[in-house]
Structures are given as structure tokens and as C-alpha cells.
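In what follows, every chain begins at residue 1, and chains take the letters A, B, ... in the order their sequences are listed.
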Number of protein chains: 2
Amino acid sequence: MSTLENRILQITPLPEDVKKTFLGKWEKWAMPKDQFLVKENETANYIYYIEKGIARIFYYKNGKEITEWIAMDNSFFLSIISFFERTPSRLQIHTIEPSVVYGIHYDNLMNLCNEEHCIERWLRKALTGSLILSQYRMDSIQFESAQQRYEKLLENNPSIIQRVPLSYIASFLGITQETLSRIRSNL
Amino acid sequence: MSTLENRILQITPLPEDVKKTFLGKWEKWAMPKDQFLVKENETANYIYYIEKGIARIFYYKNGKEITEWIAMDNSFFLSIISFFERTPSRLQIHTIEPSVVYGIHYDNLMNLCNEEHCIERWLRKALTGSLILSQYRMDSIQFESAQQRYEKLLENNPSIIQRVPLSYIASFLGITQETLSRIRSNL
DNA sequence: ATTCTTTTTTGATTATTATCAAATGGAAAT
DNA sequence: ATTTCCATTTGATAATAATCAAAAAAGAAT
């Protein structure tokens, strides 16, 4: 069983035939480093799954680049607002390592959602999970110090420091790279 | 057409018969001020809709009360994690004005989701909307100053200062009440 | 190996907000 | 009207992290 299939079924089980149809809609790409999956002002057409490698989601805020998310290790990611609202994406997504990425197109997903109740349910459950994650992250940003957030990140994802530049990690944590550097030297 | 019906159909249209069944599952309560809808450590069983009045969602973090959300003006609210994961709620919800509140029970909603594809779709779309809101709020907390956040709140919801105590608003904005008081005097 | 470029660290200063403490103001109760 | 209670404001100080500038370290290219 592929890791994608595994992760999909973790969200909710699907009957054999629907599972096959659903899996068949996921396209697979091997991508070099620094390739863009979503560019600014283009409508995001895919929900992605990263099997190997790292993708970074970022955007510009007052002329500065903000890393919104770092996707690695068999996880889903997308430009949420653009994908669901069908509007030009403020977020950009690019690989920062050679990566193996799967994606399902908006039209295919929506068609399946209409045809198969259980795919609609799958998407509903996936969104519920995202929303819960989002709640936890909000709490963390609002009430934990930069140091606490860094320590938690290391706990949950130790390999990230070896594989992702400091500046991206700092931005993802919502601090400057200077502050992150100081946190590291104090530890 | 009731305001609840209106808000429900704004999320996605529903066929007449399903709409009737769905609306029939929403219970209606007239509540005095300071009544609890969700208590700490109890599993949250309802998604709520507030037609009139104000409900406040809060929790304890390091012994301090944090206001997570203030619901007013025909909006939905719930203790997301507890409701969907069926776990004891860290969040508490209480009215801070006499209020008219509707609620749909978890079991009823899930049964309808299973029976009616379009209710599953409705919930999926509602969750998508929440997730998008959550993204905007995260950005605001992370990158806007306390003053900017307060000004935005006033713009979007001018009546909130008259109706909600300063301490709740401050906490909702992620600042202390002293800071909010100073922001107000500087304006 | 040496140069060039990028990333990370260190230093000094400033801005923002929290914390602790006390004073003021306003509403309700007697 | 006076007391009591709670909410809000003001003041002084401390903590956290940002900003600006420069140095050091690490990688890549020749």
C-alpha cells in the first residue's frame, strides 16, 4: 500500500471501488529543488501530498517573505483560500528539496465529492483535522514565547533543522532569524 | 424566513425537503445572561447559532482566562475540538447578554450527514469557511500590532465596545487590558 | 586551495507589550 | 448620599523580540 493510500485511509475508510477511483485521480510528480507548485496570483488547482522531500508555503507581507507552512513527511498541503474560493493565490508553494509530490485537481475532487458521498465525507473530515490543527497553532502563536515554539518544533520534527534554512524556520515560527539564532545559542 | 434558515442557506442551498428536516433538528433556547452552554471538561454536544445576544468562548491558560472568540450577530460557534473529537472541552462557552440561541446536537448532525449527501456537503462548506477565517486570524495575530488589531475590530464590529467588557476584548485581541486601555486613550 | 556568495551569528539600540501596583471612575445597594 | 464593588485608567519598570549593522562561518565555484 502506498503512503498516500495509507494517509488517505487514515482520515476515513473508503469502500474498495471508490478508493480505487479516488486514488486514480491523484497525479504524481518527481520534482527538482526550487520548483514552484503554486505561483503568486495564479489560482491554486491542487491539493498536494508530499511523499518525500520538502515544500514551503510562503507569502509576502509588507514586502517581506513570510513562511506560512513547511510540509514534509507524508503530509497534505495546499493554498487553502485560493483552492476553495477559486481566487488568485497570495500564497506561493515551492519545493526546497528534490521531492515526490502527488496532487488531485480541484475539478476532479469536486466531481468525486458530488458523485460519492463518502468522498465528500472524506474531505469534510480532512478539513475538520486542518481546522483543529489551526486552532492549536493559533494558541501557540498567541501565547507561547519564541523559545517555547522553537523547542516544540524540535520535539515534533527534529530533522527540520538539518533540512530547512534557519531563515525559513524563523519566519515559520513568527520571529526574525536573529532571534532564532540567539535562542539556539542560549539552549 | 428565519435568520437561522437564511444563514444556513448562505453556506449552500438545500432541497426543500432536506432543508425542512435539517431546520427541524435545531433546538431553540432563550437564555439569560451568564448561562453556560459548554462547561469545562464536558463534551460539547452542539453547534450553536446566536440570533440575538452575545456568547463568549474562553479557556484557561496558565491560570489565566483567555477569551478565544466572541460570537454575536447571527453567527455560528462551537467548541471545535471537543465537538468533533468527542473529548472533554477545554473551552467554555457562556452568554454575556440575554440571548436567543439555536443548537443542533452532534448525533442529529452526524445522522443527517450520513443520510443526506447535501448535509455532508453543507458541513464541509461550513468547515471550509471556518478554516479560511482561521487563516486570516492567524495572520492578523502574528503580524499586526495590537493597535491595528483593535482598529480592525472596531471597523468590523463597532457595537462590540458598548456591549462587551474591556477585559474580554483585550484578551480576545491577545493583549492585556492595560494595553488596550492605553491604545484607546492614544486614539 | 582560494575566491565568491550566502547563511548564520553577534552586538548595540529601540519598540512594543507585559507585569505589578495604585488610583480613579461608575454602577448598584443600602 | 454614602458605601461597596467592579471595571478602567495611569504610572513605573521589566521582558521580549525587532531593527540595523557588521562580523564570522559555511558552502559553492573556479
*Asks:* Indicate the atoms forming the closest heavy-atom contact of B:A55 with B:L37, along with that distance.
*Replies:*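 Closest approach of B:A55 to B:L37: CB-CD1, 4.5 Å.
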*Asks:* Rounded to the nearest 0.5 Å, how far does CZ of B:R184 lie from CG of B:L166?
*Replies:*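 The CG atom of B:L166 sits 4.5 Å away from the CZ atom of B:R184.
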*Asks:* Treat primed atoms plus P, OP1 and OP2 as sugar-phosphate and everything else as base, then score nucleotides 6-21 of chain D 5' to 3': B for base contact with protein heavy atoms under 4.0 Å, S for sugar-phosphate contact only, - for none.
*Replies:* --BBBBB----SSBBB
*Asks:* State, without any angle test, whether A:Y60 and A:E40 hold a side-chain donor-acceptor pair at a distance under 3.5 Å.
*Replies:*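 No - no donor-acceptor pair under 3.5 Å links their side chains.
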*Asks:* Check the distance between C:dT17's P and A:Q142's CD and give it to me in whole angstrom.
*Replies:*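 In whole Å, C:dT17 P and A:Q142 CD are 13 Å from each other.
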*Asks:* Relative to each other, are the rings of B:F77 and B:Y48 parallel, tilted or perpendicular (30° and 60° limits)?
*Replies:*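 Ring orientation of B:F77 relative to B:Y48: parallel.
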*Asks:* Parallel, tilted or perpendicular for A:Y106 and A:F83, by the 30°/60° rule?
*Replies:*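 Perpendicular: the ring planes of A:Y106 and A:F83 meet at over 60°.
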*Asks:* When the C1' atoms of the five terminal pairs at each end define the local axes, what inter-axis angle does the helix from C:dA1-D:dT30 to C:dT30-D:dA1 show, to 10 degrees?
*Replies:*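 Computed angle between terminal axes is 30°.
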*Asks:* Could you report the tightest heavy-atom contact between A:L78 and A:I93, atom names first, then the distance?
*Replies:*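 Where A:L78 meets A:I93 most closely, the heavy atoms are C-CD1, 4.0 Å.
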*Asks:* Atom CZ of A:R124 and atom CG of A:L127: how far apart are they, to the nearest 0.5 Å?
*Replies:*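 A:R124 atom CZ to A:L127 atom CG measures 10.0 Å (nearest 0.5 Å).
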*Asks:* Where does the angle between the aromatic ring planes of B:F22 and B:W122 fall among parallel (under 30°), tilted (30 to 60°) and perpendicular (over 60°)?
*Replies:*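 The rings of B:F22 and B:W122 stand perpendicular, inter-plane angle above 60°.
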*Asks:* Atom CD of A:E65 and atom C1' of C:dT6: how far apart are they, to the nearest Å?
*Replies:*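 Distance, rounded to whole Å: 15 Å.
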*Asks:* Please work out which of the three classes, parallel, tilted or perpendicular, describes the rings of B:F172 and B:W69, given edges at 30° and 60°.
*Replies:*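 Rings of B:W69 and B:F172: perpendicular, as their planes differ by over 60°.
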*Asks:* Show each protein N/O and nucleotides 23-27 of chain D N/O combination with a separation under 3.5 Å, one pair to a line.
*Replies:*
none

*Asks:* Between B:K19 and B:E16, is there a side-chain N and carboxylate O pair less than 4.0 Å apart?
*Replies:*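 Looking at B:E16 together with B:K19, the answer is yes, because their closest N to O distance falls below 4.0 Å.
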